[in-house]
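Please read all numbers here as calculations on a predicted model, not as lab measurements. Residue numbering restarts at 1 for every chain, and letters A, B, ... go by the order of the sequence lines.
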Amino acid sequence: MEIKKVLVEIVGEENVRDALAELYVYGSDASIHRELPNVVVRPRTVEQIQKIIEYANNEIIPVIARGAGSGMSGHSVPIDHGIVLDMKGMNRILEIKCEDMYCRVESGVVDDDLNRAIKPFGVFYPPSPASSRIATIGGEIANNASGIRSVKYGATRDYVLGMKVVLADGEIVNLGGKTRVEAAGYQIHRLMVGSEGTLGIIVEATMKFIPLPKLRCLGMATFEKLEDAGNAIANIIASGAEPSMLELMDNIAIEAVNTAMKLGLPDVEAIILFEADGKVKEAVDFEMQGMKEICEKHDGKVTAMSYDAKERTKIYAGRKKLFPALSRYKEGFACTSLADDMAVPYSKMAECAMKIHEIAEKNGIIMTAYGHCGSGVMHTKILMDTTKKEQWEAAKNAVEEVYDYVDSIGGITSGEHGIALSKAPAWKRARKDLVEAMRKIKHALDPNNILNPHKLMDAPDDWLTATPIRYRVKE
Amino acid sequence: MDAKELKKWEAELNICIRCAYCFEGCPVYKELGWESDGARGKIVLSYGLFSGELESSEYIADKIFECTYCRDCVERCSANVSVPDILTAARTDLVNDGYKNEAHLELLDKIKDTGNIFGKELKSPVRNGEVPVLLGCRLLERTEDTKRYLEILEKLGIKPKVVDETCCGMPFGVLGYKDDLATHKEEFRRRFPYKKFICMCTTCVFFIRKNYPDLEAIYVIEEVVKRLPEVEHKKLGTKVTYHDPCNVARGMDMVDEPRSILKEIGVELVELPTSGKQAECCGGGGGLLVTNNPLAEKLAEKRVNQALEIGVDTLVTLCPTCEFNIGNVASKNSGKLKVKNLLDLVWESLK
């Protein structure tokens, strides 16, 4: 029986699509990649997913779970075609247990919706990435997502207590539990975090939450030299300070915001945004004062500091508008996510930013350096004319040089956005031993290789030809 | 398909990074739930048509035309991509490729025949004042309301000049009939030959500002905000909710103006769960009323239910199309919610 008929029997006609146009839409995400699935399904129950997986495993058809499809490295692009499971319809919050500080959700629940639901209880779920308005909890778990406050609150893995997973053979397993600690066993639920859909379909998750901080204070410091800003960041962390946010913007980021958004940020080489939060003002003041002094010690000028929500919004406006600004930085150029989230040692932050500029200039493209430097994440964006073949070749060289450099200073390929396709070649080069161990685990749990195949350790060795790219490139 | 119009938007199509932030508020996506129903999906489909990776099809045309042009996606876009402009280009290319919707053609024929969207002879309430005033089709049809709205202008010290106007041409543009729009624009200019004027209709003023760059269309609300405090009026002491029309809040950045008018006339405002630039669309825009009326009504029903849930019996808005769509659904449902134009309240206050 053809795939569609089987799926219609399981989930109903209204939840299956195989029109080419629909497949085309589900064939891309926020990465540069695209490939067509054979069919898209919207499951509504765990049992439906179980039946789909059992069928796919028998017939050896790839299955790709998809949340918002906001991954930047090609996580949900169906490189081997197959069935895309659109999980967004499984979006029920099943349990909020305040006395035990956890909640249980279906994996299609949107991060912000969860936070809106638990906020009245004075708690929050902290790892939210910038995409929290649309990102699903399942997608965040699969990618071990984190965001601007990861410097203090960590990433998704730190909040997953347990989960229900449909394994590749269709078996439903309950992993982990509801308690804060667990000593025994392989803790496979933690292994599922960051597995990018390759080990099982996460259908339900039990996540811990924590009390909302009562106070939040945000400051801005400007630096004439990028190097000084980098050193200030390293010193803030080394001092034992506990920022809830520590962000860097380089001169290209500043210029982009000023050009495109007319925000009038100071014309300097770097800006640091530093924030502390907590229950008691004295404690927050202490953190802020400590960070301020370190910025000043490194020739930074603290230009703003406020507890007021409106003021904080103003201070943060430049960082918030950075992405649209970069998209409008140069006529005909588009913003691409390649080599965009390396994690590097604090002491190398400034050097890394300068190296990125050097590599960009050498290759004739534009790269900006910014990011959640407090957690060691250096974001970049490559701005280029995506219609020109030579620009892609230049980008490919630049990406390789950036990763070689990052590897040489003890950094890693991805601190936030995951590997999937775009980052797999560099990551596989850097983590040869890990790759082999992961292949063994994958083979044990998914011997027929049906779950998001050819991603991570099994992704092609050249990201540029791994799939067709979503842009039309002129020869 | 010759994607002649979409080709002009290549840079913009490339700038969209497909982050999906536009899912958050897209009314059609929230109702139907396939990614192709959301703004990103429609942009991806447009890209497919532009690049030739997709052949045009009924399936694609249905998706591209099922959009209310509410601009919620533009507001949330991480790269400020002008989604409605791209969709208009896609619609134009699809129409030129033969995807012509019967209901659309019927509507456009009405305008061609009678100069208004109703396809009937409507008599303009001609006035020989000093300031040209454009009413728009919907108000032209509501003769009694319009008389009162013109009285508002008079009470505010504006002597309106009303002529035998014709439709601004919005439906031609939005539904992808570019050549017909060009022809109709000539007719509009002939019938309404003014460079600077007051526009009573939300949809018309937004369309004219975008499509007739040499004309200066002042939205009636701008005059009311400016002049009302100087004129004797009474406080109404009533309680209402206000539905932000998409073209007013997101399109023209007027969130505070209607609220300050309500305050000025002593009306207590109870906000809907989403308001201002985050306000949900009533479903009446982008031609959806004609393309998929049941869907447009479903979206309006959400607004009706929200208003009733917050405990008000009156919803005011500014856009005659919102007023029509929400009012129509409200009366079909329980009839418990009254839908009024903000100008009705202003008139009450000035009476």
message = Please find the pair of heavy atoms, one from A:Glu140 and one from A:Pro129, that lie closest to each other, and give the distance.
response = OE2-CD, 3.3 Å

For [X], is it the side chain, the backbone, both, or neither that has a heavy atom closer than 4.5 Å to a heavy atom of chain A?
X       : value
B:Lys63 : side chain
B:Leu49 : neither
B:Glu10 : side chain

ask   = Can a salt bridge be assigned to the pair B:Glu271 and B:Arg259 using a cut-off of 4.0 Å between side-chain N and carboxylate O?
value = yes

Among the options [options], pick out the one with the most heavy-atom pairs lying under 4.5 Å from chain B.
options                              : value
A:Arg472, A:Arg133, A:Lys321         : A:Arg133
A:Gly332, A:Ser28, A:Ser31, A:Gly27  : A:Ser28
A:Gly71, A:Ala325, A:Gly89, A:Ala334 : A:Ala334
A:Met72, A:Lys320, A:Arg470          : A:Arg470

task = For B:Lys4, enumerate each residue passing the salt bridge (Lys or Arg N to Asp or Glu O under 4.0 Å) test, keeping only those at least two apart in sequence or located in another chain.
result = none

inquiry  = Which residues pass the salt bridge (Lys or Arg N to Asp or Glu O under 4.0 Å) test with A:Glu196, not counting sequence neighbours?
reply    = none

inquiry  = Under the ring-ring contact (aromatic ring centres under 6.0 Å, His included) definition, can you give me all pairs with a residue in residues 69-105 of chain B, not counting sequence neighbours?
reply    = B:Phe65-B:His104

So for [X], is it side chain, backbone, both, or neither that comes closer than 4.5 Å to the heavy atoms of chain B?
X       : result
A:Val40 : both
A:Arg66 : side chain
A:Arg34 : side chain

key: Heavy-atom side-chain proximity of A:Ser70 to A:Ile134 below 4.5 angstrom   = yes

Has the side chain of [X] got a donor or acceptor atom that lies under 3.5 Å from a matching backbone atom of [Y]?
X        : Y        : result
A:Asn15  : A:Gly12  : no
A:Arg328 : B:Asn80  : yes
B:Asp93  : B:Glu5   : yes
A:Asn115 : A:Tyr125 : yes

Residues in residues 15-30 of chain B near chain A [non-hydrogen atoms, under 4.5 Å] = B:Ile15, B:Cys16, B:Ile17, B:Arg18, B:Cys19, B:Ala20, B:Tyr21, B:Phe23, B:Glu24, B:Tyr29

query = Parallel under 30°, tilted from 30 to 60°, perpendicular over 60°: which one fits the rings of A:His417 and A:His379?
reply = parallel

